[in-house]
Amino acid sequence: MLRAVSLLLPALIPSWRFFDAIGPSPRVEYALLPAADAAPRPWREFRPRPAHLSLAAMLGRLVWNPRWNETLFLVSCAERLMDQPTAHSEDEIFRRIDADVGGAASQPWLCFRLVFLSREGDAITRDVLFQSEPRRRADVA
Amino acid sequence: MSFETAVRLTEVLLSLALIQQSLEHLRGQPAERALFLARAALCLLVILGVASPWPLVGLAMLSLLILQRFHGPYNGGSDRMGLLALWCLTLSQLMPSQAWREVVFGYLGLQLVLSYLIAGGVKIVNPDWRSGRALRDVFQFSAYPVSEHLRRWADRPRAMLAMSWAVMLFELAFPLTLLSQPVLVVGLVVAATFHLANACLFGLNRFFWTWLAVYPAILWLQDRLF
């Protein structure tokens, strides 16, 4: 309960520093593996955004936007994994990838990595800052 | 707007916003569903005005369990405003006198003003925001644009510069709208349009509904103070 109250305090005394600086931005990539010791190839981006979204779809998301909000939650988990690593953040990412990517009996193992995009001068750079150990998918949920 | 009307409007609007969020969670992980079903049911009781203030107290207690479940707010700033509104409404109802009830509810209105003022302040001291570079970065590589097509906006530096200054000046000028009720109403319409744009471009739908829910608090506070 004390922990919950400590999590509540920043809401009761907020800082409101929205977008004060644009830092490195995480992308979650995952790979399905036939065995725990197999090389994780290919890496796939988790929930890549669509090429185009109509205005009607954007307005529809005002009232129904669960996938996008879950994706933003995973961005928070990815940032937490860098700032204050916990098993909770890693578990959440594993669980939500596993629920989303569908089954493949020949590839019962799953791992993910976090790629951070940032700007150096005028160039956008990609850095892999975290890679999980593979987990058996049957154990993830 | 009377104190009672403002409190009631905030309660109803916040409950509707929380029901919208709760329904989204019902398609999520099984462990989340019970928490959010309970939250939706309590929100319904708040809207119906049944057994006040206990449904609000229940929602406040439930918010602690939800914070624990996700190790923090599920969706950052929007959830923080929702929590602030919920706890201010709950504590206001539990205060022993009208004066204290007004202080607690007024704090919510004050935080709404600060949410714009501070967000504008931290941007304008950053040279990247003043040059439009920061907003280009948001569109170019941040996780927020809802489609790849929107990333092309980063290739229009003049538009990014104009949008950056429009956002910063609006946020910084927002406290001036408190000087009169008609000006405040105009300010809130502009603010709601800003949140609508953020919802469309960046998928931040929770901000739109949560900030809207708090507008009665600032309308009441303006009337009370000026």
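Order of the sequence lines sets the chain letters (A, B, ...), proteins ahead of strands, with each chain counted from 1.
A donor-acceptor pair is defined here as one N or O able to donate and one able to accept, closer than 3.5 Å; no such pair exists between the side chain of H71(B) and the backbone of T86(A). In this structure, N75(B) contributes its side chain and N69(A) its backbone to a donor-acceptor pair below 3.5 Å. Remark: side-chain polar atoms of R119(A) are not paired, donor with acceptor, to backbone N or O of R133(B) under 3.5 angstrom. A donor-acceptor pair is defined here as one N or O able to donate and one able to accept, closer than 3.5 Å; such a pair exists between the side chain of N126(B) and the backbone of D20(A).
Comparing E171(B), R27(B), R206(B), Q140(B) by heavy-atom pairs within less than 4.5 Å of chain A, the highest count is held by R27(B). Interface summary for chain B: among A11(A), C77(A), P26(A), the most heavy-atom pairs under 4.5 angstrom belong to A11(A). Contact count against chain B (heavy-atom pairs under 4.5 Å) is highest for S118(A) among G23(A), S89(A), S118(A).
Both the backbone and the side chain of R95(A) come within less than 4.5 Å of a heavy atom in chain B. Both the backbone and the side chain of R67(A) come within contact range of chain B, with heavy atoms under 4.5 Å apart. Y74(B) touches chain A through backbone and side chain together, each having a heavy atom under 4.5 Å away. Residue contact with chain B, scored on non-hydrogen atoms closer than 4.5 Å, involves the side chain of I124(A) exclusively. With a 4.5 angstrom heavy-atom cutoff, P48(A) does not touch chain B via any of its atoms. Contacts between A21(A) and chain B at a heavy-atom distance below 4.5 Å involve backbone atoms as well as side-chain atoms. In this structure, chain B has a heavy atom under 4.5 Å from the backbone of S15(A), while its side chain stays farther away. For chain B, the nearby part of W68(A) is the side chain; its heavy atoms alone come within less than 4.5 Å. Looking at V63(A), both its backbone and its side chain come within 4.5 Å of chain B, counting heavy atoms on both sides. Residue Q21(B): no heavy atom, backbone or side chain, is found under 4.5 Å from chain A.
Residues L62(A) and L196(B) meet the side-chain proximity criterion, which asks for heavy atoms closer than 4.5 Å. A heavy-atom distance below 4.5 Å is found between the side chains of R80(B) and P10(A). Using a 4.5 Å cut-off on side-chain heavy atoms (C-beta onward), R17(A) and V122(B) make contact. Side-chain contact between M81(B) and W16(A) is present, with at least one heavy-atom pair separated by less than 4.5 Å. L150(B) is not listed as a side-chain neighbour of H52(A), based on a closest heavy-atom distance of 4.5 Å or more. Here the side chains of I22(A) and D128(B) are not in contact, with every heavy-atom distance at 4.5 Å or above. Contact check for L72(A) versus Y144(B): side-chain heavy atoms found under the 4.5 Å cut-off.
Contact detail for L7(A) and G72(B): the closest heavy-atom pair is CD1-N, 3.8 Å.
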* Take E32(B) and R96(A) through the salt bridge (Lys or Arg N to Asp or Glu O under 4.0 Å) test and state the conclusion after the steps. => CA-CA 13 Å; E32(B) 292 167 34; R96(A) 288 162 201 275; 2.6 Å; yes
* Can E24(B) and N65(A) be said to form a side-chain contact (heavy atoms from CB on, under 4.5 Å), step by step? -> CA-CA 7 Å; E24(B) 289 190 354; N65(A) 201 17; 3.6 Å; yes
* Criterion salt bridge (Lys or Arg N to Asp or Glu O under 4.0 Å) on R69(B) and E92(A), from CA distance to verdict -> CA-CA 11 Å; R69(B) 166 69 186 80; E92(A) 288 283 358; 2.6 Å; yes
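Taking the six-membered ring for Trp, Y116(B) and F18(A) have ring centres at least 6.0 Å apart.
Going from atom OG of S147(B) over to atom CE of M58(A) covers 5.5 Å, rounded to the nearest 0.5 Å. How far CG of L12(A) is from CG of L91(B): 8.0 Å, rounded to the nearest 0.5 Å. Annotation: the span from L59(A) atom CG to C200(B) atom SG amounts to 4.5 Å, rounded to 0.5 Å. From L9(A), atom CG reaches atom CG of L67(B) across 10.5 Å, with rounding to the nearest 0.5 Å.
In this structure, a donor-acceptor pair under 3.5 Å is absent between the side chains of Q20(B) and W64(A).
Below 30°, between 30° and 60°, or above 60°: for F19(A) and F202(B) the angle between ring planes is between 30° and 60°, a tilted geometry.
A salt bridge does not link D122(A) with R136(B): none of the charged nitrogens is closer than 4.0 Å to a carboxylate oxygen.
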